[in-house]
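Below is one structure, written out as structure tokens; the observations come after it.
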Amino acid sequence: AADPRFQGHPLVTAPDGLRFYAAAPIRLPGGRAIGVVRVSGATPRLYDAQLALRLEDLAAIASDECQRQLTLQSLAKTEAKARAAKDLSDTFVDNAPVSICMTDRRMRILRVSPHWYEERQIGESVVGQSLYDVVPSTRPLAADYARCLGGEVIRAEKLQLTLRDGSQLWVRGEVNH
């Protein structure tokens with residue numbers, strides 16, 4: 001063997017041992033080597049720049065595939081955590097002894113508790129609709145909702161809501177982000 005590091009290696013010293021070996025490391029994006037793409041044989045060969053480039057390309061492909069698999073595993077874990085959080089949130093909202101309405105930043109309703117529907121005498125799903133359209137008496141509170149989205153907790157000890165049948169409902173409320 002021309003390379004002193006391998007002169008005593010059993011794969012080189014065996015009767016039909018290696019006389020040619022070329023490899024390119026498979027590296028993850030952080031630089032960690034996780035293996036090699038290699039070619040070897042019993043016939044000696046001179047250095048081939050094209051072969052070296054092809055090995056590097058194959059190693060890059062292997063690295064990309066490894067990274068893709070790691071990303072898919074990470075994504076699956078993240079999705080499982082998100083599903084668990086959603087399930088917990090749904091269970092909390094569905095079983096809360098208080099009225100809960102969750103909206104996005106544009107005040108579209110994302111989720112409401114059964115108590116919220118009962119208090120407002122609403123029999124059909126309102127998910128996806130604007131809170132202001134579903135409960136018009138909340139429109140004057142738009143500035144408070146904006147403050148809440150800025151991180152402020154808004155509390156009202158006595159807040160009058162007008163129900164669909166025209167009756168009035170007094171509630172205590174808290175809006176937070």
Side-chain angles (χ1 to χ4, degrees), residues 23-38 54-177:
I26 301 170
R27 294 191 185 277
L28 295 179
R32 186 174 128 227
I34 59 169
V36 297
V37 173
R38 72 171 179 94
R54 287 187 186 122
L55 286 174
E56 288 174 5
D57 288 344
L58 288 172
I61 290 168
S63 172
D64 290 347
E65 182 58 25
C66 289
Q67 187 59 40
R68 187 176 80 79
Q69 291 300 318
L70 291 171
T71 300
L72 289 174
Q73 289 173 4
S74 176
L75 178 61
K77 287 178 185 176
T78 301
E79 286 174 342
K81 286 179 183 178
R83 274 192 305 278
K86 182 187 181 311
D87 290 348
L88 180 62
S89 173
D90 288 349
T91 299
F92 173 77
V93 170
D94 288 343
N95 295 291
V98 295
S99 177
I100 298 173
C101 177
M102 298 169 69
T103 67
D104 63 12
R105 290 185 172 275
R106 293 173 47 200
M107 301 310 289
R108 287 181 307 227
I109 297 172
L110 302 174
R111 188 97 171 87
V112 294
S113 67
H115 288 289
W116 190 89
Y117 279 118
E118 290 169 21
E119 285 180 357
R120 284 150 190 83
Q121 302 171 342
I122 298 173
E124 71 279 355
S125 175
V126 295
V127 173
Q129 298 179 45
S130 166
L131 177 64
Y132 301 134
D133 293 339
V134 174
V135 185
S137 61
T138 60
R139 195 172 297 278
L141 303 173
D144 292 329
Y145 292 137
R147 288 178 23 225
C148 169
L149 290 171
E152 188 176 338
V153 175
I154 309 297
R155 290 184 178 87
E157 289 302 315
K158 198 171 186 181
L159 180 66
Q160 187 176 26
L161 298 177
T162 303
L163 302 179
R164 288 184 171 195
D165 66 1
S167 63
Q168 303 289 311
L169 174 68
W170 289 94
V171 297
R172 179 178 52 160
E174 180 176 307
V175 182
N176 58 56
H177 179 61

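- Partners of Ala23 according to the side-chain contact (heavy atoms from CB on, under 4.5 Å) rule, which considers only residues two or more places apart in sequence or in another chain, are Tyr21, Val36, Arg38.
- In this structure Asp64 satisfies the salt bridge (Lys or Arg N to Asp or Glu O under 4.0 Å) test with no other residue, sequence neighbours excluded.
- Partners of Ala142 by side-chain contact (heavy atoms from CB on, under 4.5 Å), not counting sequence neighbours, listed by chain and number: Tyr132.
- For Asp57, there are no side chain to side chain donor-acceptor pair (under 3.5 Å) partners, not counting sequence neighbours.
- Listed by first and then second residue, the side-chain hydrogen bond (donor to acceptor under 3.5 Å, both in side chains) pairs that reach into residues 88-102 are Lys86-Asp90, Asp90-Arg111, Asp94-Arg111, Ser99-Glu119, Ser99-Arg120, sequence neighbours excluded.
- The salt bridge (Lys or Arg N to Asp or Glu O under 4.0 Å) analysis of residues 121-135, with sequence neighbours excluded, yields the pairs Glu124-Arg164, Asp133-Arg139.
- Scored by the side-chain contact (heavy atoms from CB on, under 4.5 Å) test, Gln73 finds Leu70 as partners (sequence neighbours excluded).
- Sequence neighbours left out, the pairs with a member in residues 141-150 that pass side-chain hydrogen bond (donor to acceptor under 3.5 Å, both in side chains) are Asp144-Arg147, Arg147-Glu152.
- Every residue meeting the side chain to side chain donor-acceptor pair (under 3.5 Å) condition with Glu65, not counting sequence neighbours, appears here in chain and number order: Arg68, Gln69.
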Could you pull out every donor-acceptor pair under 3.5 Å between side chains of residues 153-161 and any protein atom, sequence neighbours left out?
residue : atom : partner : partner atom : Å
Arg155  : NE   : Glu174  : OE1          : 3.0
Gln160  : NE2  : Gln168  : OE1          : 2.6

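- Considering only residues two or more places apart in sequence or on other chains, Tyr117 meets the side-chain contact (heavy atoms from CB on, under 4.5 Å) condition with Val112, Ile122, Ser125, Val126, Val127.
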Report, one line per pair, each donor and acceptor closer than 3.5 Å where one atom sits in a side chain of residues 75-84; sequence neighbours left out.
residue : atom : partner : partner atom : Å
Thr78   : OG1  : Ser74   : O            : 3.0

